[in-house]
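The next block holds one structure in the form of structure tokens; read it before the comments.
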Amino acid sequence: MPNVGLKLQEYAGKSLRFSIRLRAWNIPRPSRPWFGLKFMLNYRHPDGTQAYPGTLFHYPEKRTTFDWKEVSFSIPDSPANARLYLGLQGTPGEVEYDLSSFRITEEEPFLKKVNRNYKAEYTPRLSADKTRRGMQISRCHVSKADLEKLRSWNVNLVRYQIESPGSGDAEYSGNLEDNLRTLDRLLNLCGAYGIKVIVDLHHQPGGEGPEGRKIFFEAKYRDQFLKIWRDIARRFRGNPNVWAYDLMNEPCQRSRGIISFWELQKKAAEEIRSIDPDVPIIITPLGGAPGGFRTLSPLKMKNILYRLMSTSL
């Protein structure tokens, strides 16, 4: 892909927005989520890990064409140097960029570190718990045979993914309820095999928008997300086979919305705590990647775990 080095020393450490105008013709829906149109940076964090922030493009048709429009993305903590990538990856089609429209704009950061001196606290429910090892499962893997096989591998913890993709709100709600009914059955089965369950709301209501998950930008989806966690906490309160609640999988937020990914996880944790004061709660940094801890603050609550990808298992 065409790319160019950017010297960003004057912006180092600041929150920046990158924007450009482009148009595209006949772009097929990519075979991988990271393929397709690119307006993306690449740089290294001080610890050597790579960052690839960029615009998330959507492909509503089998082949997508659109006229001139502005796209953008933000980074919360600018490096001194980066490389900008434009073009197409892993897909045919055509794209044209208006290079004269490229802008770097300093903006007020929407992620601010708080509770810097708070030290995590854990009750005996976690501090005295045995070592846990396991894997992820979904609705497709909840038979007795599956659990017998896992137990033969010394698995004593599973992360159950509540997968509720869909083309609209009604389909999401239907998939969600199907998942919860499966979870009712899974918790009973797991108890017989000595396996605990992490409840993972893998897909959030509203899905993805151009700036990230819609739960951070639209009030109805934010409120639905909080209601889902209230309902889950009430439904499974006191169930001894629930090991933890995993609030959201790999949160994506590229700019300021009506609420930040951290604030929404905090509100969800507070809702759960009002119903179940002791159940462990898992929160996740941006993208679920190690670099996300640079903008993640601790929650002032007991029994909070901080997850990287699937390493909580």
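All residue numbers in this chain count up from 1 along the given sequence.
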Go through it in stages, so that I can follow the logic: the residues are Asn179 and Thr182, the test is side chain to side chain donor-acceptor pair (under 3.5 Å), and I'd like the CA-CA distance, side-chain angles, deciding distance and then a yes or no.
CA-CA 5 Å; Asn179 269 280; Thr182 301; 5.8 Å; no
Apply side chain to side chain donor-acceptor pair (under 3.5 Å) to the pair Asn249 and Arg159, showing each step before the final yes or no.
CA-CA 11 Å; Asn249 185 65; Arg159 180 178 184 240; 2.9 Å; yes
Steps toward side chain to side chain donor-acceptor pair (under 3.5 Å) verdict (Arg83, Asn42)
CA-CA 5 Å; Arg83 187 156 289 276; Asn42 172 230; over 6 Å; no
Dump the intermediate steps for side-chain contact (heavy atoms from CB on, under 4.5 Å) on Ile283 and Met301, then the final yes or no.
CA-CA 12 Å; Ile283 70 168; Met301 296 182 191; over 6 Å; no
Could you give me the CA-CA distance, side-chain angles and deciding distance for Asn81 and Lys7, then say whether side-chain contact (heavy atoms from CB on, under 4.5 Å) is met?
CA-CA 5 Å; Asn81 297 284; Lys7 296 186 182 299; 4.0 Å; yes
Checking Asp276 against Arg234 for the salt bridge (Lys or Arg N to Asp or Glu O under 4.0 Å) test, could you report, in this order, the C-alpha distance in whole Å, the side-chain angles of both residues, the deciding distance, and whether it holds?
CA-CA 8 Å; Asp276 189 329; Arg234 292 191 187 104; over 6 Å; no
Test side-chain contact (heavy atoms from CB on, under 4.5 Å) on Leu37 and Thr91; report intermediate values, then the result.
CA-CA 8 Å; Leu37 291 162; Thr91 186; over 6 Å; no
Cys190 and Leu147: side-chain contact (heavy atoms from CB on, under 4.5 Å), yes or no, with the steps?
CA-CA 7 Å; Cys190 280; Leu147 296 178; 4.1 Å; yes
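Contact of the Arg139 side chain with the Tyr160 side chain is registered, since non-hydrogen atoms from C-beta on lie closer than 4.5 Å. Residues Ile137 and Val197 are not in side-chain contact: their nearest non-hydrogen atoms beyond the backbone lie 4.5 Å or more apart. With contacts defined as side-chain heavy-atom distances shorter than 4.5 Å, the pair Asp246/Thr284 qualifies. Using a 4.5 Å cut-off on side-chain heavy atoms (C-beta onward), Leu247 and Leu201 make no contact. The closest side-chain heavy-atom distance from Leu16 to Thr105 is not below 4.5 Å. Annotation: side chain of Arg235 is not in contact with side chain of Leu183 (no heavy-atom distance under 4.5 Å). Considering only heavy atoms from C-beta on, Ile215 comes within 4.5 Å of Pro205 through its side chain. No side-chain heavy atom of Leu296 sits under 4.5 Å from any side-chain heavy atom of Leu286.
A donor-acceptor contact shorter than 3.5 Å is absent between the side chain of Ser173 and the backbone of Ala170. Counting only distance, with no hydrogens or angles, the side chain of Gln253 and the backbone of Ile259 share a donor-acceptor pair below 3.5 Å. Distance alone, capped at 3.5 Å, is enough to place a donor-acceptor pair between the Arg133 side chain and the Trp153 backbone. Side chain of Trp262 to main chain of Ser297: a donor-acceptor pair is present (N/O by atom type, distance under 3.5 Å, no hydrogens or angles).
If you check the side chains of Asn26 and Thr65, you find no donor sitting under 3.5 Å from an acceptor. Side-chain polar atoms of Arg17 and Ser72 form a donor-acceptor pair below 3.5 angstrom. A side-chain donor-acceptor contact under 3.5 Å links Thr123 and Asp278.
Across all non-hydrogen atoms, the minimal contact from Asn303 to Arg125 is ND2-CB, 4.3 Å. Taking all atoms of both residues into account, the shortest heavy-atom contact from Ile282 to Ala244 is CD1-CB, 4.0 Å. In this structure, Lys266 and Leu299 approach most closely via the heavy-atom pair CB-CD2, 3.7 Å. The two atoms that bring Ala82 and Leu8 nearest to each other are CB-CD1, 4.0 Å, heavy atoms only. Across all their heavy atoms, Ala24 and Ile27 have their closest contact at CB-CG1, 3.9 Å. The shortest non-hydrogen separation linking Gly206 to Lys214 is O-CD, 3.1 Å.
Ring centroid separation for the pair Phe39 and Phe18 does not come in under the 6.0 Å cut-off.
The distance from atom CG of Leu150 to atom CE of Met135, rounded to the nearest 0.5 Å, is 6.0 Å. Between the CD1 atom of Ile304 and the OH atom of Tyr118 there is a distance of 8.0 Å, given to the nearest 0.5 Å. With values rounded to the nearest 0.5 angstrom, Glu270 atom CD is found 12.5 Å from Lys300 atom NZ. One finds the NZ atom of Lys69 at 7.0 Å from the CG atom of Leu22 (value rounded to the nearest 0.5 Å). Interatomic distance, Asp223 CG to Arg230 CZ, rounded to the nearest 0.5 Å: 8.0 Å. Rounding to the nearest 0.5 angstrom, the gap separating the CG atom in Leu157 from the OG1 atom in Thr131 is 11.5 Å.
Under the 4.5 Å side-chain heavy-atom criterion for Ile, Leu, Val, Met, Phe, Trp and Tyr, Phe57 and Trp34 are members of distinct hydrophobic clusters. Using a 4.5 Å cut-off between side-chain heavy atoms of Ile, Leu, Val, Met, Phe, Trp and Tyr, with links allowed through other members, Leu86 and Tyr52 fall into different hydrophobic clusters. Note on Ile20 and Tyr85: separate hydrophobic clusters, where clusters join Ile, Leu, Val, Met, Phe, Trp and Tyr whose side-chain heavy atoms are under 4.5 Å apart, directly or indirectly. Residues Tyr245 and Tyr306 are members of one and the same hydrophobic cluster, defined by side-chain heavy-atom contacts under 4.5 angstrom among Ile, Leu, Val, Met, Phe, Trp and Tyr. Hydrophobic cluster membership differs between Phe261 and Phe73, with clusters built from Ile, Leu, Val, Met, Phe, Trp and Tyr side chains linked at under 4.5 angstrom.
A salt bridge does not link Asp129 with Lys196: every distance from a Lys NZ or Arg NE/NH1/NH2 to an Asp or Glu carboxylate oxygen is 4.0 Å or more. Between Lys267 and Glu263 no salt bridge is recorded (no basic side-chain N to carboxylate O distance below 4.0 Å). Under 4.0 Å is where a charged nitrogen must lie from a carboxylate oxygen, and between Glu208 and Arg213 at least one such pair does. The existence of a salt bridge linking Arg181 and Asp178 is confirmed by a sub-4.0 Å separation between a basic side-chain nitrogen and an acidic carboxylate oxygen.
For Glu61, the CD atom sits in a loose shell: 12 or fewer heavy atoms of surrounding residues, nucleotides or ligands are nearer than 6.0 Å. Counting non-hydrogen atoms of other residues, nucleotides and ligands closer than 6.0 Å to CZ of Arg29 gives a total above 12.
Applying side chain to side chain contact (heavy atoms under 4.5 Å, CB included) to Val158 and the options Ile195, Asp146, Val142 leaves one that passes, Ile195.
The ring pair (Phe, Tyr, Trp, His ring centres under 6.0 Å) contacts involving residues 191-218 comprise nothing, where partners must be two or more places apart or lie in separate chains.
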Please set out all donor-acceptor pairs under 3.5 angstrom arising from side-chain atoms of residues 94-102, sequence neighbours excluded.
from: Glu96; atom 1: OE1; to: Arg23; atom 2: NE; distance (Å): 2.9
from: Glu96; atom 1: OE1; to: Arg23; atom 2: NH2; distance (Å): 2.9
from: Tyr97; atom 1: OH; to: Lys38; atom 2: O; distance (Å): 2.5
from: Tyr97; atom 1: OH; to: Gly87; atom 2: N; distance (Å): 2.8
from: Tyr97; atom 1: OH; to: Gly87; atom 2: O; distance (Å): 3.3
from: Asp98; atom 1: OD1; to: Ser100; atom 2: N; distance (Å): 3.2
from: Asp98; atom 1: OD1; to: Ser100; atom 2: OG; distance (Å): 2.6
from: Ser101; atom 1: OG; to: Arg21; atom 2: N; distance (Å): 2.8
from: Ser101; atom 1: OG; to: Asp98; atom 2: O; distance (Å): 2.6

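For the pair Lys227 and Phe225, the NZ or CZ position fails the cation-pi test of under 6.0 Å to the six-membered ring centre and within 45 degrees of the ring normal.
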